[in-house]
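All values derive from a computational prediction rather than experimental measurement. First the proteins, then the strands, lettered A, B, ... as listed; each starts at 1.
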Amino acid sequence: MSNATRSNATLTNANPNRNPNAAINLADHALVLVIVCLIALISNWTGTGTGPITALPGMLIIYGMVFAGLVLAKLMPFYLPSVAWISLISVGMTMPAFPASEWLLGYLKEISFLSLVSPVLAYAGLAISKLEIETFKRSGVKILLIALLVFTGTFVGSAFIADLML
Amino acid sequence: MNSLSGQLTNWRLHLLVVLISVLAELIGIIKIPLGIGSIVLLPLFYAFIMGLLVNPNIIKKAKALISNEKAAMATPVILISVLPFIAKFGTLIGPAFEKILAVGPAMILQELGNLGTLLIAMPVAILLLRMGRESIGACFSIAREPNIALISDRYGLKNPEGIGVMGVYVMGTMFGTLFFALLASFLATTGLFDIRALAMACGVGSGSMTAACSGALASSVPAMKDEILALAGASNLLTNATGLYLGLFVALPLAEKLYVLLSKETTTAALQQRSSGNV
């Protein structure tokens, strides 16, 4: 009984109309994005051999798409994760029906998507905190086993349904 | 989210990331044959491992390279550094939009596959490992940021449900990308599933998990590279848009029901065992 009232009270708090993205600081994001894109250009250079000057227009397009997505995420009256906004923009602008899609894709092909992820994972490795190591040590093998089952269950569940439907 | 101010002066962190990325890209993609399949190692794994090796929280000697405080400033940067990649991913989806529409029903319904974790992980957590309410947080979803927000809102992160979701989140951060990539490239070579189905399944996790998974899949089946990346990206986009709501309205209520059902079973089983022992 008390459980039910508790979850009811918190459910109203979880109202999706409250947009947590309204707190995004666009200036800070714009600045850090510059650093991140510069690093991505270097990573792309070593990964694909495409020089930073050749890849620059593509990277500028990506920068513009990300920033536009952040602006939408901040200003819209309802909540969608900023990654969803950014995807909607980048998908929309490269669909064949979009007038400039061919022109955009000509520049975007100079950027390898895998090279964009290497810096992300480097940051992720550096960001692992004492707290996370503690969590790992405390719950250790048990939670690792559960996590691997969670990943496998989700992946195989999804692949299974997709396979049936194709 | 932590503050982003002061990132410009933290040049040591960014320089380390540059060096790591360059080294990782120079090593390149490595394929390892394994039994009936083969697994694919990507530069992003090496980047993660090198990141761990210069993390002062893990390797004490790394303090000479970067202080704990400066390394901790990497946390808010991860969320931003993943955005250009999300945009690039979108630009792979756009041109393939018609192909994605053609597999539309599969694409939408495979989102329900996220519930597969309840079927596989939850019974093991409760019946085998005898976990308590942690199992609800740990098993109801793949534990990415929206799911943590949901659990935090509903139960609080200090409660068992919160500890469960954080545990899986940490494991996902550490091993998720690697595990998904290995799983996908391995399953691809076994021929059990349609490659397009595996590509869609690659989208169930975070952006970097999707990248690793579809990157490895594309290296295993190079002929289908564009289609694989587009389907995985579209699936991840759909997960981002619907994940919170699937969790809130379907997965979490189901996890609660399943918990009551399974934990009752364990108590009656325990009772039976006890009573039969008495006899």
Side-chain angles (χ1 to χ4, degrees), chain A residues 10 13-14 28 32-33 35-37 39-40 42-43 46-47 62 65-66 81 83-84 86-87 90-91 94-95 108 111 113-114 116-130 132 135-136 139 142-144 146-147 149-151 153-159 161-163 165-166, chain B residues 4 7 17-18 20-22 24-25 43-44 47-48 51-52 55 57 71 74-75 77-78 80-88 90-91 93-94 97 105-106 109-110 113-114 116-117 120-121 125 129 138 142 153-154 167-168 170-171 179 193-194 197-198 200-201 204 208 211 215 237 240-241:
Chain A
T10 43
N13 285 338
D28 279 353
V32 176
L33 259 180
I35 303 177
V36 164
C37 285
I39 295 176
I42 300 172
S43 171
T46 30
I62 286 176
M65 287 171 164
V66 171
V83 290
I86 293 165
S87 303
S90 57
V91 172
T94 51
M95 277 167 60
L108 286 163
I111 315 275
F113 95 104
L114 273 182
L116 292 180
V117 199
S118 298
V120 181
L121 271 290
Y123 280 117
L126 273 155
I128 297 282
S129 64
K130 282 215 169 72
E132 286 169 314
T135 311
F136 180 66
S139 19
K142 221 179 201 182
I143 203 83
L144 177 64
I146 289 301
L149 285 174
V150 166
F151 301 153
T154 311
F155 185 91
V156 174
S158 185
I161 295 181
D163 199 59
M165 298 299 298
L166 281 171
Chain B
L4 290 171
Q7 289 291 351
V17 170
V18 170
I20 290 172
S21 307
V22 166
E25 293 291 335
L44 55 106
F48 183 64
L52 291 176
N55 183 332
N57 287 310
T75 307
V77 186
I78 303 172
I80 297 184
S81 63
V82 82
L83 300 179
F85 148 71
I86 297 286
K88 169 69 190 179
T91 67
I93 301 171
F97 203 73
L109 285 174
Q110 58 85 26
N114 288 319
T117 164
I120 296 183
L129 300 177
I142 198 154
D153 210 75
R154 204 153 188 191
V168 176
V170 169
M171 296 302 158
F179 186 72
F193 293 99
D194 190 314
L198 293 177
M200 284 185 248
V204 293
S208 46
L237 174 56
N240 277 323

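Between chain B and the options A/I146, A/I86, A/L108, A/L166, heavy-atom pairs under 4.5 Å are most frequent for A/L166. When the candidates B/A74, B/A71, B/A24 are compared by the number of heavy-atom contacts under 4.5 Å with chain A, B/A74 comes out ahead. Counting heavy-atom pairs closer than 4.5 Å to chain B, the top residue among A/T154, A/I161, A/I42, A/V32 is A/T154. With chain B as partner, the option from A/G157, A/C37, A/A127, A/A147 having the largest number of non-hydrogen pairs under 4.5 angstrom is A/A127. Taking chain B as the reference chain and counting heavy-atom pairs below 4.5 Å, the highest number among A/V150, A/L33, A/L114 is found for A/V150. Counting heavy-atom pairs closer than 4.5 Å to chain A, the top residue among B/A125, B/P84, B/P43, B/P105 is B/P84. Taking B/L83, B/V18, B/T91 one by one and counting their heavy-atom pairs under 4.5 Å with chain A, the maximum is reached by B/T91. Of the residues considered (A/L116, A/I39, A/T46), A/T46 shows the highest number of contacts with chain B, using heavy-atom pairs under 4.5 Å.
With hydrogens and angles ignored, the 3.5 Å screen pairs no side-chain donor or acceptor of B/K88 with any backbone N or O of A/I62. In this structure, the side chain of B/S81 engages the main chain of B/I78 through a donor-acceptor pair within 3.5 Å. A donor-acceptor pair is defined here as one N or O able to donate and one able to accept, closer than 3.5 Å; such a pair exists between the side chain of B/N55 and the backbone of A/G125.
When all heavy atoms of A/I143 and B/A138 are compared, the closest pair comes out as CD1-CB, 4.4 Å. The minimum heavy-atom distance linking B/L198 with A/A159 is given by the pair CD2-CB, 4.1 Å.
Considering only heavy atoms from C-beta on, B/Q110 stays 4.5 Å or farther from A/D163 through its side chain. You'll find the side chain of B/V17 reaches within 4.5 Å of the side chain of A/L126, heavy atoms only.
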Applying side-chain contact (heavy atoms from CB on, under 4.5 Å), run through B/N57 and A/I128 and close with a yes or a no. CA-CA 7 Å; B/N57 287 310; A/I128 297 282; over 6 Å; no
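For a residue to count as touching a neighbouring chain, one of its non-hydrogen atoms must lie under 4.5 Å from one of that chain's; by this rule A/V120 touches chain B with backbone and side chain alike. Residue B/I20 touches chain A through its side chain alone, counting heavy-atom pairs closer than 4.5 Å. Both the backbone and the side chain of A/A124 come within less than 4.5 Å of a heavy atom of chain B. In this structure, chain A has heavy atoms under 4.5 Å from both the backbone and the side chain of B/F193. Only the side chain of A/I35 comes within contact range of chain B, with at least one heavy atom under 4.5 Å from a heavy atom of that chain.
Using cut-offs of 30° and 60° on the angle between ring planes, the pair B/F179 and A/F151 is tilted.
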